[in-house]
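Whatever order the structure lists ligands and atoms in, that order sets their numbers, starting from 1. The residues of the chain are indexed from 1 along the displayed sequence.
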Amino acid sequence: MPDRKLSARFPADLPAWQALKTHYRDEMKARSLSDLFRRSQQRFTGYSLEAGELFLDYSKNFLNSKTRKLLLRLATEAGVPAAIAAMFAGEAINVTEGRPALHVALRSRLSDQVALDIPGIADTWKTLEQMTQFVCGLQEGRIRGRGGRRLTEIVNIGIGGSDLGSVMASRALRHYWQPGMSFHSVSNVDGTQLADLTEQLDAEATLFVICSKTFTTEETMSNANAARQWITGCLGAAAISEHFAAASTNQAAMDRFGINPQYRFGFHDWVGGRYSIWSAVGLSLALVIGMQRFSEFLAGARRMDQHFRAAPFEENMPTLLALIAIWNNNFLGAESQAILPYDNRLERLPAFLQQLHMESSGKRVRIDGRTVKAKTGSIIWGEPGSNAQHSFYQLLHQGTRLVPVDFILPVKSSGASQDLQDLAVAHCVAQSEALMDGYTEAQAITELVESGLTINEAKALAPHKAHPGNRPSNTILFERLTPETLGQLIALYEHKVFVEGVIWGINSFDQFGVELGKRLADSLSSAVAGEGAYGGDNDSTTGLLARIKRLKQN
Ligand code: F6P
């Protein structure tokens, strides 16, 4: 089953990995970031690059030209060039599920020749055409709800990759919402989201878009069934065919649910859930921002694909980002990575990137089934700045952990005042400088004495005031948050995650780790509902179930 070409050697057995270990121990461990800047006059120019409309400053990382050379060699030794070619050729790089990973095809043009011989590839353009007809029909008022009202309230029902992409992108692209349109989402199993939403929604103006690759996911199907009941209660059962659309690979299940054949949008199993925003799963987003903007979003991603496919590694942004992350994780010992966007409209970007990284790279065995002998996956977390500056930045600046940061920085406002965005930009740049340069005890003592403290008082307080600095970060800068730049940004991270996976030798495209919990929940649900007994022998579960039963009876 596994393609041995992609998994021949453990990363730690590669000569470049060994050389990087020695290089870190003998040359880099004792270096500070300020030291690296002092040694190289042109560091900013030498450690930054452009791809499409994105600019990456990676100068504030613990690397010099030798580190970079060794990291680039690592990518080659690990087989990244062959892996990139294999992905675009449509080889079955998702080896455990025996299929290609072809999100890149969804944003390609015919002339790009992406995996044209793979069954279903041509459906990409047919589906886009079908989406265009539907989106325009809705916007122009040709497609309406049961009572003849315009459908303006778009509710995406999905979870994981069938939710996070459209939620993230629709919030990011709020500026581009078509007049009168609104985006809502329902994902979680407990039912409160739908309950809260239906309190304020007008059923006659609501279109539910059920997104589920499988159309069997418990959370999505229970929310979809509850939404169907609500529509039936408000408008009658006949309204289902006008108030529900769906994106899925499972035609039969869409049929059983009662989805109008004209309102069904298909895709293929070679689209992974967390990579599916480019497929029919993007329908809710397209309905809100319009098809022209959705096409620009796809075009942005395509631009990054072309860069990733063609640029030499030293100028290849996704590859460099992956190599820096590997360096921070596997050599410098970082346990997590913070993603900090400086535009509040990117508030769900960290959550989206969390799934992308952690579902793709949270693996402990390699493609060939052997245990990975290196730490895989990054723990991704984050929030928009400057909000986050007032919550967890304390730990970033003065805590004991190394947390590399990606700052995401649009320079122009995505729809509010430029003066305020200027403030956000200033905060972002200041934070990356503060993380790197820090603030010494000596500086603190001088300032404290100047402010009137005695020298002894100043010396006692200075250790608390000092920032050690020397904390690495990348800054990804671009002019404005647009469908194109967002597409580039998301594709950048998709490819970064892919390169990391190739170097670790894991399959980035399966997610078996989510199955066990789902199975157990299935077997426990009747016990929780009081309709059956728990069949297992876990003492803690038995105890919890007994207590749950008592609490339910109160
Ligand atoms: O939680 C695992 C997962 O399979 C994700 O990878 C996926 O995005 C999500 O569930 C939803 O799956 P589906 O689109 O089939 O409902």
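- Protein heavy atom in closest approach to atom 11 (C) of ligand 1: Ile159 O, 3.3 Å.
- The distance criterion of under 3.5 Å between nitrogen or oxygen atoms is met by Ser212 with respect to ligand 1.
- With a 4.0 Å heavy-atom cut-off, ligand 1 is reached by the side chain of Val514 but not by its N, CA, C or O.
- The heavy-atom pair separating Lys363 from Phe509 by the smallest distance is NZ-N, 4.2 Å.
- Of the candidates Gln355, Glu515, Glu359, Glu359 brings a heavy atom nearest to atom 1 (O) of ligand 1.
- For the ligand labelled ligand 1, residue Glu219 lies outside the 4.0 Å heavy-atom shell.
- Counting heavy atoms under 4.0 Å from ligand 1, residue Gln511 touches it through the side chain alone.
- What you find for Val288 and Ser182 is that their closest heavy atoms are CG2-O, 4.1 Å.
- Across every non-hydrogen atom of Asn188 and Asn223, the tightest pair is O-ND2, 3.0 Å.
- Here the closest non-hydrogen pair linking Arg107 and Ala491 is NH2-CB, 3.8 Å.
- Applying the 6.0 Å contact sphere to CZ of Arg547 captures no more than 12 heavy atoms from other residues, nucleotides or ligands.
- Ligand 1 has an N or O atom lying under 3.5 Å from an N or O atom of Gly161, backbone or side chain.
- Across all their heavy atoms, Leu492 and Met317 have their closest contact at CD1-CG, 3.7 Å.
- Nearest non-hydrogen protein atom to atom 13 (P) of ligand 1 is Thr217 OG1, 3.3 Å.
- Heavy-atom proximity to atom 3 (C) of ligand 1, evaluated over Lys213, Arg274, Glu218, Lys518, is greatest for Lys518.
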Is there a side-chain hydrogen bond (donor to acceptor under 3.5 Å, both in side chains) between Gln337 and Asp406 once you walk through the steps? CA-CA 8 Å; Gln337 190 193 346; Asp406 280 2; 3.0 Å; yes
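- For atom 15 (O) of ligand 1, the nearest non-hydrogen atom of the protein is Thr214 OG1, 2.6 Å.
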